[in-house]
Amino acid sequence: MIPLAKEKGSRLIANNKKAYHDYFIEDTFEAGIALHGTEVKSLRLGQCSIKESFIGIEKGEVYIYHMHINPYEKGNIFNKDPLRTRKLLLHKSEISKLIGQQKLKGYTIVPLKVYFKNSLVKVEIGLARGKKLYDKRNDIAKKDQKREAEREFKIRNLG
């Protein structure tokens, strides 16, 4: 029997595009996540969503809420609740920094992406400040201008 080779590099599982639309991301952290076996198998198949998820701190520990991992179809009694609360693994200094920033400046903590890093599941979390409506409009206008400029460039070069 040949042992399975561990995959190298990183592979994206889920991305939270809405977080970049709704928040200014000030700082990012990489956190491990406490999972059970069938959840990891389901993540390997790419069955994860972090659109409605959020991060909270309780008693000096960081948790992710409403992160949806589909139950593994070949698992039976070992499958866990898809929306259960999962613990994030961070260093104590990182947790204290997050707590301080959250209390003093009113930042919020949001999950940005879930990915594999050398066969370990990691979650990138961001220290974020909420955008106002006019900020979102500004971003949409900039995106439209960029798209229009690219379209003009393409037409000019083809014709």
Side-chain angles (χ1 to χ4, degrees), residues 4-92 94-99 101-103 105-144 146-147:
L4 294 173
K6 290 190 176 185
E7 54 187 77
K8 297 290 179 196
S10 69
R11 193 184 89 206
L12 186 68
I13 302 168
N15 198 0
N16 192 357
K17 292 179 184 175
K18 192 172 169 83
Y20 290 101
H21 181 262
D22 292 341
Y23 300 100
F24 292 114
I25 307 299
E26 303 287 329
D27 199 6
T28 59
F29 298 92
E30 181 181 72
I33 184 167
L35 297 170
H36 290 279
T38 55
E39 290 176 325
V40 176
K41 289 180 180 184
S42 186
L43 285 174
R44 288 200 189 284
L45 298 174
Q47 299 180 342
C48 176
S49 173
I50 55 171
K51 285 182 182 170
E52 291 89 30
S53 62
F54 62 95
I55 293 173
I57 301 174
E58 293 177 13
K59 300 177 186 170
E61 293 184 340
V62 183
Y63 295 95
I64 186 165
Y65 299 93
H66 299 292
M67 176 180 167
H68 188 275
I69 298 176
N70 286 352
Y72 185 59
E73 67 259 3
K74 293 186 177 96
N76 43 26
I77 59 168
F78 301 111
N79 281 340
K80 300 290 180 185
D81 179 32
L83 291 173
R84 75 180 182 88
T85 303
R86 294 168 180 91
K87 185 177 175 181
L88 294 181
L89 309 170
L90 288 160
H91 290 284
K92 204 163 199 81
E94 292 174 329
I95 294 172
S96 61
K97 182 177 180 182
L98 286 172
I99 291 171
Q101 293 286 345
Q102 197 175 25
K103 283 184 181 174
K105 297 185 180 175
Y107 285 114
T108 207
I109 307 166
V110 292
L112 301 175
K113 61 183 174 181
V114 180
Y115 57 95
F116 280 107
K117 182 179 179 184
N118 295 337
S119 78
L120 298 174
V121 180
K122 300 287 184 176
V123 179
E124 185 176 282
I125 60 176
L127 199 56
R129 190 168 34 93
K131 285 186 181 179
K132 304 281 189 237
L133 184 61
Y134 57 85
D135 291 327
K136 292 179 190 177
R137 286 183 186 148
N138 232 354
D139 286 349
I140 292 170
K142 284 179 186 175
K143 212 178 288 182
D144 287 344
K146 184 179 177 185
R147 195 176 304 124

Quick one: does Ile109's side chain get under 4.5 Å of Ile57's, heavy atoms only?
-> yes
Could I get the full list of side chain to side chain contact (heavy atoms under 4.5 Å, CB included) partners for Leu35, not counting sequence neighbours?
-> Ile33, Glu39, Val40, Leu43, Ile69, Arg86, Val121
Closest non-hydrogen atoms of Ile13 and Gly46, given as atom of the first, atom of the second and distance, are CG2-CA, 4.2 Å
With sequence neighbours left out, the residues meeting salt bridge (Lys or Arg N to Asp or Glu O under 4.0 Å) with Glu52 are none
Set of residues satisfying side chain to side chain contact (heavy atoms under 4.5 Å, CB included) with respect to Lys41, sequence neighbours excluded = Tyr72
Please list, chain by chain and in numerical order, all residues satisfying side-chain hydrogen bond (donor to acceptor under 3.5 Å, both in side chains) with Lys87, sequence neighbours excluded.
-> Glu61
Which atom of Asn15 lies closest to which atom of Lys113, heavy atoms considered = OD1-CB, 4.0 Å
Nearest heavy-atom pair of Leu12 and Tyr115: which atoms, and what distance?
-> CA-CB, 3.9 Å
Please list, chain by chain and in numerical order, all residues satisfying side chain to side chain contact (heavy atoms under 4.5 Å, CB included) with Asp27, sequence neighbours excluded.
-> Phe29, Lys97, Leu127
Which residues satisfy the side-chain hydrogen bond (donor to acceptor under 3.5 Å, both in side chains) test with Glu26, sequence neighbours excluded?
-> Arg129
Taking the side chain as every heavy atom from C-beta outward, state whether Pro71 and Thr38 have any atom pair closer than 4.5 Å.
-> no
Inter-residue atom distance Arg84.CZ - Met67.CE, 0.5 Å rounding | 9.5 Å
Given Leu98 and Ile55, is the side chain to side chain contact (heavy atoms under 4.5 Å, CB included) satisfied, shown in steps?
-> CA-CA 11 Å; Leu98 286 172; Ile55 293 173; over 6 Å; no
Check the pair Ile25 / Val110 against side chain to side chain contact (heavy atoms under 4.5 Å, CB included), numbers first and verdict last.
-> CA-CA 9 Å; Ile25 307 299; Val110 292; 4.2 Å; yes
Partner set under side-chain hydrogen bond (donor to acceptor under 3.5 Å, both in side chains) for Glu124, not counting sequence neighbours = none
Under the ring pair (Phe, Tyr, Trp, His ring centres under 6.0 Å) test, residues paired with Tyr65 that sit two or more places apart = Phe54
Partner set under side chain to side chain contact (heavy atoms under 4.5 Å, CB included) for Ala14, not counting sequence neighbours = Cys48, Ile50, Val114
Side chain to side chain contact (heavy atoms under 4.5 Å, CB included) evaluation trace for Tyr20 with Leu112 | CA-CA 8 Å; Tyr20 290 101; Leu112 301 175; 3.7 Å; yes
Heavy atoms from other residues, nucleotides or ligands near OH of Tyr107 exceed 12 (cutoff 6.0 Å) = yes
Quick one: list whatever passes side-chain hydrogen bond (donor to acceptor under 3.5 Å, both in side chains) with His68, sequence neighbours left out.
-> Asn70
If you round to the nearest 0.5 Å, how far is CD of Gln101 from CD1 of Ile99?
-> 11.5 Å
